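Below: one structure, written as structure tokens.
Fair warning: this is a prediction, and the values are worked out from it, not measured in the lab.
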Amino acid sequence: MAQSRATEATGEFRAARDFLLRHREDWETAYKGFVWPRPERFNWALDWFDVVAAGNDGTALHIVEEDGTEARVSFASMSERSDRVANWLRGLGVRPGDRILVMLGNQVELWETALAAMKLRAVVIPATPLLGPADLADRVERGRARHVVVRAEDTGKFADVPGDWTPIAVGGPVPDWIAYEDAYGACAPFVPSGDTYADDTLMLYFTSGTTARPKLVEHTHTSYPIGHLATMYWIGLKPGDVHLNISSPGWAKHAWSNLFAPWNAEATVFIHNYTRFDAGRLMAEMDRHGVTSFCAPPTVWRMLIQADLGALRTPPREVVAAGEPLNPEVIETVRRAWGVTIRDGFGQTETAVQVSNSPGQLLKAGSMGRPSPGFRVELLDPVTGRPGAVEGEIALDLSASPVGVMTGYHGDPERTAEAMADGYYRTGDIASRDEDGYLTYTGRRDEVFKASDYKISPFELESALLEHEAVAEAAVVPAPDPVRLAVPKAYVVLAAGWEPGPETAKVLFAHSRAVLAPYKRIRRIEFAELPKTVSGKIRRIELRERTAAGSAAEYAEGDLA
């Protein structure tokens, strides 16, 4: 009976996947016809990955290190390796429902452990190696971690982390830590001890904490593995693709595009590890290994366009960006050099991709596209909270039962109730919708501000600044003003060849006057590095606090006229 249920779940998942593949360039048909698979029991590692891996010598994972060494693992080998790790972890006492904090880099063991934990019905708490002891103590405590899998070089960070947890080190030996390498001596195959229910908890993600203490997002064996069929569709992945996604382990985007989306499509996950970003080397590796689809955060795209994009002889077929909105001038620069258009996508740790420019859709400048198949997206009026606004908070209609949405904020029922009030999951992000259903991002609900009673979108102003060759990065926040209440202030990171000072500030003020309406103009500029979370997102709350406190390093437009 269990085997027949698993076969049924696999078939249902495959049918939904294949429907999206057939209509990968026909959003209208995909959006109207897609139906989420909703199996009662489903274990993605057992019922999907192991099924497609059986006898499959195709490359599942390909890692190229900075020194040129490589690791290639086939689907069949990855299935067997994760079986051995699962059996070994079970021998160490890992039981269904146990929480495993996994803090590894982009290394084979990361993917082995993820699959093994799923097979065991354990709960993964992903963590980036950039975290320090205080962050780790918080994650172990709030996540109630019972086991820790960590790189040998990072074990010292756990010296004072309290708790009764199993210490497992990768790349040891480390005194008092269990060597992960012992797992390869365990037996295969793996035999599950019971059924996995689709709504069992699979992952607990700590958010990046741009404005407050990180939230703990709970996902199930349905919401991420099945939900990321939508992500597969947005990227445009298909079987046999070689997919490169630049993302650090520990963050949701890594699971989006380095685990679920590519392996849903039966594509290869390609990784290039580096200590310091080198655009030329990255493009050389993309050429050498035939990367067909490429995803990167806006920060990486902005660094890429500072290099010679023509060095990439064979650009990927699909290029996408996520993490923060991508500025139009970056998209145009890449289009001119590569002949392909970067397609934006919008989602959160709490969800799969909700809105996107998927392959084949008409692209509108500045728009992040239309709702993903399987999601009913509403804009809630900022005053009444009712759907149907032309501009309002992006929200998912929960009456449509979308897969790809978190269960809630773990251990925080009040915050969960607030986020899912009145039958909508509220993202906290503002957008506008045009007559064709395209959504254009405005900003976070708590970032949009008023100047002289006009509403200001920081993203719009930042995009305008980035059009100038002097600007590598920019962040706009409100600065107190006795007359206008607030005026836009820009923190600017300069491109190579430009020096901070009053002359450069004059140039940028002139650019602002030329491209922005008078009420939107940048009134103050400060040249400074942008504070960011460990996941690379700008900490605007820190910039707001710095601005409110005042700075002698800023330049005011009126003083330089």
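Under the 3.5 Å distance criterion, with hydrogens and angles disregarded, a donor-acceptor pair is assigned to the side chains of Thr275 and Glu66. If you check the side chains of Gln354 and Ser372, you find no donor sitting under 3.5 Å from an acceptor. For the 3.5 Å distance criterion, the side chains of Asp429 and Gln348 qualify, holding a donor opposite an acceptor. Side-chain contact annotation: Tyr491 with Thr547, donor-acceptor N/O pair under 3.5 Å present. A side-chain donor-acceptor contact under 3.5 Å links Arg335 and Thr341.
Only one option out of Lys215, Arg144, Arg142 pairs with His410 in a side-chain contact (heavy atoms from CB on, under 4.5 Å); it is Arg144. Remark: of the listed residues Val148, Leu136, Val149, Val170, Leu136 is the sole one forming a side-chain contact (heavy atoms from CB on, under 4.5 Å) with Met103. Of the candidates Glu350, Glu414, Glu418, Glu218, Tyr409 forms a side-chain hydrogen bond (donor to acceptor under 3.5 Å, both in side chains) with just one, namely Glu350. Applying the ring-ring contact (aromatic ring centres under 6.0 Å, His included) test between His254 and each of Trp111, Tyr205, Phe260 identifies Trp111 as the sole match.
Within the 3.5 Å criterion, the main-chain N or O of Ala395 finds no donor-acceptor partner in the side chain of Thr427. Under the 3.5 Å distance criterion, the side-chain polar atoms of Arg539 are left unmatched by any main-chain donor or acceptor of Pro531. Remark: the backbone N or O of Tyr233 is not paired with any side-chain donor or acceptor of Ser358 at under 3.5 angstrom. Although no hydrogens or angles enter the test, the distance criterion places no donor-acceptor pair under 3.5 Å between the side chain of Asp381 and the main chain of Ala389. Without hydrogens or angle criteria, Asp278 side chain to Gly280 main chain gives a donor-acceptor distance under 3.5 Å. The closest donor-acceptor contact from the side chain of Arg521 to the backbone of Ala514 lies at 3.5 Å or more, if one exists at all. No side-chain donor-acceptor contact under 3.5 Å links Trp251 to the backbone of Thr128. Put simply, the side chain of Arg99 never gets that close to the backbone of Ile125: no donor and acceptor are under 3.5 Å apart. Remark: side-chain polar atoms of Ser257 are not paired, donor with acceptor, to backbone N or O of Asn245 under 3.5 angstrom.
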Stepwise, does the side-chain contact (heavy atoms from CB on, under 4.5 Å) test hold for Val377 with Ile394?
CA-CA 7 Å; Val377 177; Ile394 303 168; 3.9 Å; yes

Would His511 and Phe509 satisfy ring pair (Phe, Tyr, Trp, His ring centres under 6.0 Å), going step by step from the backbone distance to the final call?
CA-CA 5 Å; His511 173 71; Phe509 282 131; over 10 Å; no

So Leu543 and Lys489, side-chain contact (heavy atoms from CB on, under 4.5 Å) or not? Walk me through it.
CA-CA 10 Å; Leu543 293 177; Lys489 174 178 178 176; over 6 Å; no

Going through the checks in order, is the side-chain contact (heavy atoms from CB on, under 4.5 Å) test met by Met203 and Met406?
CA-CA 10 Å; Met203 288 178 159; Met406 67 173 180; over 6 Å; no

What do the steps show when you test Ser463 against Glu329 for side chain to side chain donor-acceptor pair (under 3.5 Å), and what is the final call?
CA-CA 7 Å; Ser463 295; Glu329 61 282 353; 5.1 Å; no

Test side-chain contact (heavy atoms from CB on, under 4.5 Å) on Val515 and Glu467; report intermediate values, then the result.
CA-CA 9 Å; Val515 300; Glu467 292 175 6; 4.0 Å; yes

Run the salt bridge (Lys or Arg N to Asp or Glu O under 4.0 Å) test on Asp434 and Lys364 for me, step by step, so that the C-alpha distance in whole Å, both residues' side-chain angles and the decisive distance to 0.1 Å come before the verdict.
CA-CA 10 Å; Asp434 71 9; Lys364 295 192 177 187; 2.8 Å; yes

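A salt bridge links Glu462 with Arg540: the distance from a Lys NZ or Arg NE/NH1/NH2 to an Asp or Glu carboxylate oxygen falls below 4.0 Å. A salt bridge does not link Glu554 to Arg523: none of the charged side-chain nitrogens sits closer than 4.0 Å to a carboxylate oxygen. With salt bridges taken as basic N to acidic carboxylate O contacts below 4.0 Å, one links Arg343 and Glu318. Between Glu557 and Arg513, at least one side-chain nitrogen of the basic residue sits less than 4.0 Å from a carboxylate oxygen of the acidic one, meeting the salt-bridge criterion.
In this structure, Arg139 forms a cation-pi arrangement with Phe206, its terminal cationic atom sitting closer than 6.0 Å to the ring centre and no more than 45° off the ring axis.
Summarising the geometry, atom CD belonging to Glu65 is positioned 10.5 Å from atom CD belonging to Glu285; distances are rounded to the nearest 0.5 Å. Once rounded to the nearest 0.5 Å, the distance linking OH of Tyr424 with CD of Glu393 reads 12.0 Å. The distance from the OG1 atom of Thr504 to the CD1 atom of Ile525 is 9.5 Å, given to the nearest 0.5 Å.
Taking the six-membered ring for Trp and thresholds of 30 and 60 degrees, Trp27 and Tyr31 have nearly parallel ring planes, at less than 30 degrees apart. The aromatic rings of Trp256 and Trp234 lie perpendicular to each other, with more than 60° between the two planes, well past the 30° mark.
No more than 12 heavy atoms of other residues, nucleotides or ligands shown are found within 6.0 angstrom of CZ on Arg386. Summarising the local packing, CG of Asp436 is surrounded by more than 12 heavy atoms from other residues, nucleotides or ligands at distances under 6.0 Å.
When ring centroids are compared, Phe270 and His289 come within the 6.0 Å threshold. Under the 6.0 Å cut-off for aromatic ring centres, Trp301 and Phe294 qualify, their centroids lying closer than that.
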